[in-house]
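Presented below is the structure to which this report refers.
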Protein chains: 2
Amino acid sequence: MAEKKIPKATARRLPLYYRYLRFLYEAGKERVSSAKLSEAVKVDSATIRRDFSYFGALGKRGYGYDVESLMNFFSKKLNQDRLTNVALVGVGNLGQALLNYNFRRNNNIRISAGFDVHEDLIGTIHQGVPIYHVDELIEQLDMQQIDVAILTVPSDIAQEMTDKLVEGGAKGIMNFTPIRVTVPKGVRVHNVDLTNELQTLIYFINYYQDFADDSEEEADNPLDDLFYND
Amino acid sequence: MAEKKIPKATARRLPLYYRYLRFLYEAGKERVSSAKLSEAVKVDSATIRRDFSYFGALGKRGYGYDVESLMNFFSKKLNQDRLTNVALVGVGNLGQALLNYNFRRNNNIRISAGFDVHEDLIGTIHQGVPIYHVDELIEQLDMQQIDVAILTVPSDIAQEMTDKLVEGGAKGIMNFTPIRVTVPKGVRVHNVDLTNELQTLIYFINYYQDFADDSEEEADNPLDDLFYND
DNA sequence: CATAATCAGTGGTAACGTTCACAAATGAAC
DNA sequence: GTTCATTTGTGAACGTTACCACTGATTATG
């Protein structure tokens, strides 16, 4: 909780920088300039330097940045030095794909518990992850000290499951449902709305296609749609 | 291609508005105010009015907005009045989940062709969608008049497949790989980076947890990370 | 050691996005 | 028809983000 105000736009780019630094490190590179980084992550080099500067002077003029130390620095910032357990609420199509999706590959994040209501699933183990009934959600979150959850349930129970997550002490929810759920202050929701993304993409290619000078980020991620509190 | 400059932030919210308008219409509601919309989509009411105003005067003072006509208006804007075919490149875990994911439910978007290199998959039909070898990609895009693609391939072939897509005439790519691919002017890439999202979420809950007054949009869709050209 | 090339850090500014606050328009009530 | 309650549309203020352009530190070269 050290540095006060890292801009949100900067925070969203940190994982991108971190990933590429890992790549450079594994490729044996010792140094990198903001210009080289810029090419790979497609972020303006001035923006990269500004982003890094919020954390202090991490580079050396005339030299660039030391890959290993910068990588380690961001590793700590992104909590990659310890394992983060995540709950998966809703083990349907998308949920199961996320179980298979290897968050751990180069990342200290793993889904450690799944929750569903479907009787066939409960008690089974998928990709090494035990599936519990949602009735056990609050209890398990507490027991396993989980404070981050992925929500992949049908829309009509999205708010209900969110309330349970909040009650279980979740602090962060990655919401794959199209519902904008309501949460109390202190809980952060990150919306990943796939249909929304696709529709936006289609809108852009239909209405922005001939505006040439137009290269930028998120998003956002767009996709990027996140908010805090209610 | 009518109205010139709809802000990107506005464009990203259109699908959200559209979806809720559909919901209201199906619930038999005839009118809605920006304040009511605001509650549901969690966007400030002034922002909603501003967003709508870019398209002209869509509402009536003292009344609000007519649900049906607004819904139809956005339906056209979002190309929902005609079917959009999308290609899926990479029919692995995530790809198959997206095949199952019902984009068509309330949306005139469907995945109409899948592409992979895995021999077991080629020639099969998943969820009604035929899977072709990637060697047929360029040919099929052309034949099926597809200009939007979802990219869910391993990182190491992301750029190669992107190049094929561009060659096949794709104008929009929803990129699920962590690679920031390079594309020529006129092609829009929308990055959906799940690991990135999760890491950002974890970063936020660790560093922003006690900054209370902090509720906003996108996304930082974030997730929302999109760009144009190279 | 001197000169050239490189490159981080940052002040300034422009572009973009959000929100306040209010006038003008409309509908509802009686 | 007058009054009251709503609610849009928008000028203006504010906040955030991105980028240019330059200074000065450092390395590389001969």
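These numbers come from the heavy atoms of this one structure, side chains and all, not from hydrogens, waters or symmetry mates. In what follows, chains are A, B, ... by sequence order, proteins preceding strands, each numbered from 1. It should be emphasised that the depicted structure is a prediction, and the values quoted were computed from it without experimental measurement.
- The shortest side-chain heavy-atom distance between Lys5(A) and Tyr208(B) falls under the 4.5 Å cut-off.
- Donor-acceptor pairing under 3.5 Å, judged by distance alone, is present between the side chain of Arg50(A) and the base of dG11(C).
- Taking side-chain N and O atoms only, Lys8(A) has no distance below 4.0 Å to OP1 or OP2 of dT17(D).
- The side chain of Tyr65(B) has dT8(D) as its nearest neighbour among dC7(C), dT8(D), dT17(D).
- Position along DNA chain D of the nearest nucleotide to Lys60(A) versus Tyr63(B) favours Tyr63(B) as the more 5'-ward residue.
- Residue Ser34(B) places its side chain closer to dT8(D) than to any other of dT8(D), dC19(D), dG9(D).
- Lys8(B) has its side chain within reach of Phe204(A): a pair of non-hydrogen atoms, C-beta onward, lies under 4.5 Å apart.
- If you check dG27(C), dT10(D), dG17(C) against the side chain of Ala9(B), the one that comes closest is dG17(C).
- With distances taken from any side-chain atom of Ser33(B) to the nucleotides dA28(D), dT7(D), dT10(C), the minimum falls on dT7(D).
- Between the CD1 atom of Ile48(B) and the P atom of dT18(C) there is a distance of 12 Å, rounded to whole Å.
- As a whole-Å value, the separation of Leu70(B) CG from dG9(D) C1' is 14 Å.
- Going from atom CG of Asp44(A) over to atom P of dA8(C) covers 12 Å, rounded to whole Å.
- Of all nucleotides listed (dA21(D), dG17(C), dT27(D)), dA21(D) comes nearest to the side chain of Arg49(A).
- DNA chain D is contacted by both Gly62(A) and Thr10(A); Thr10(A) maps to the nucleotide lying nearer its 5′ end (nearest heavy atom per residue).
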Begin from the C-alpha positions of Arg19(A) and Thr195(B) and carry the test side chain to side chain contact (heavy atoms under 4.5 Å, CB included) through to its verdict. CA-CA 10 Å; Arg19(A) 171 156 36 216; Thr195(B) 303; 4.1 Å; yes

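- Aromatic ring centroids of Phe74(A) and Phe52(A) lie under 6.0 Å apart.
- Looking at the side chain of Arg31(B), the nearest of the listed nucleotides dT19(C), dT7(D), dT18(C) is dT7(D).
- In this model, no side-chain donor or acceptor of Arg61(B) finds a partner on the base of dT7(D) within 3.5 Å.
- Atom CZ of Phe52(B) is separated from atom P of dT7(D) by 15 Å (rounded to the nearest Å).
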Step by step, would you call Val189(A) with Lys42(B) a side chain to side chain contact (heavy atoms under 4.5 Å, CB included)? CA-CA 12 Å; Val189(A) 178; Lys42(B) 307 271 196 281; over 6 Å; no

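- Distances shown here put a side-chain N or O of Thr47(A) below 4.0 Å from the OP1 or OP2 atom of dC19(D).
- The OH-P distance, from Tyr54(A) to dT16(D), rounds to 11 Å in whole Å.
- Between Phe55(A) atom CZ and dG9(C) atom P the separation is 13 Å, expressed in whole Å.
- Rounded to whole Å, atom C1' of dT8(D) lies 17 Å from atom NZ of Lys36(B).
- A donor-acceptor pair is defined here as one N or O able to donate and one able to accept, closer than 3.5 Å; such a pair exists between the side chain of Asp44(B) and the backbone of Ala46(B).
- Rounded to a whole Å, the NZ atom of Lys42(A) is 18 Å from the C1' atom of dA18(D).
- Counting only heavy atoms from C-beta on, Arg13(A) has its side chain closest to dA18(D) among dA18(D), dT18(C), dC20(D).
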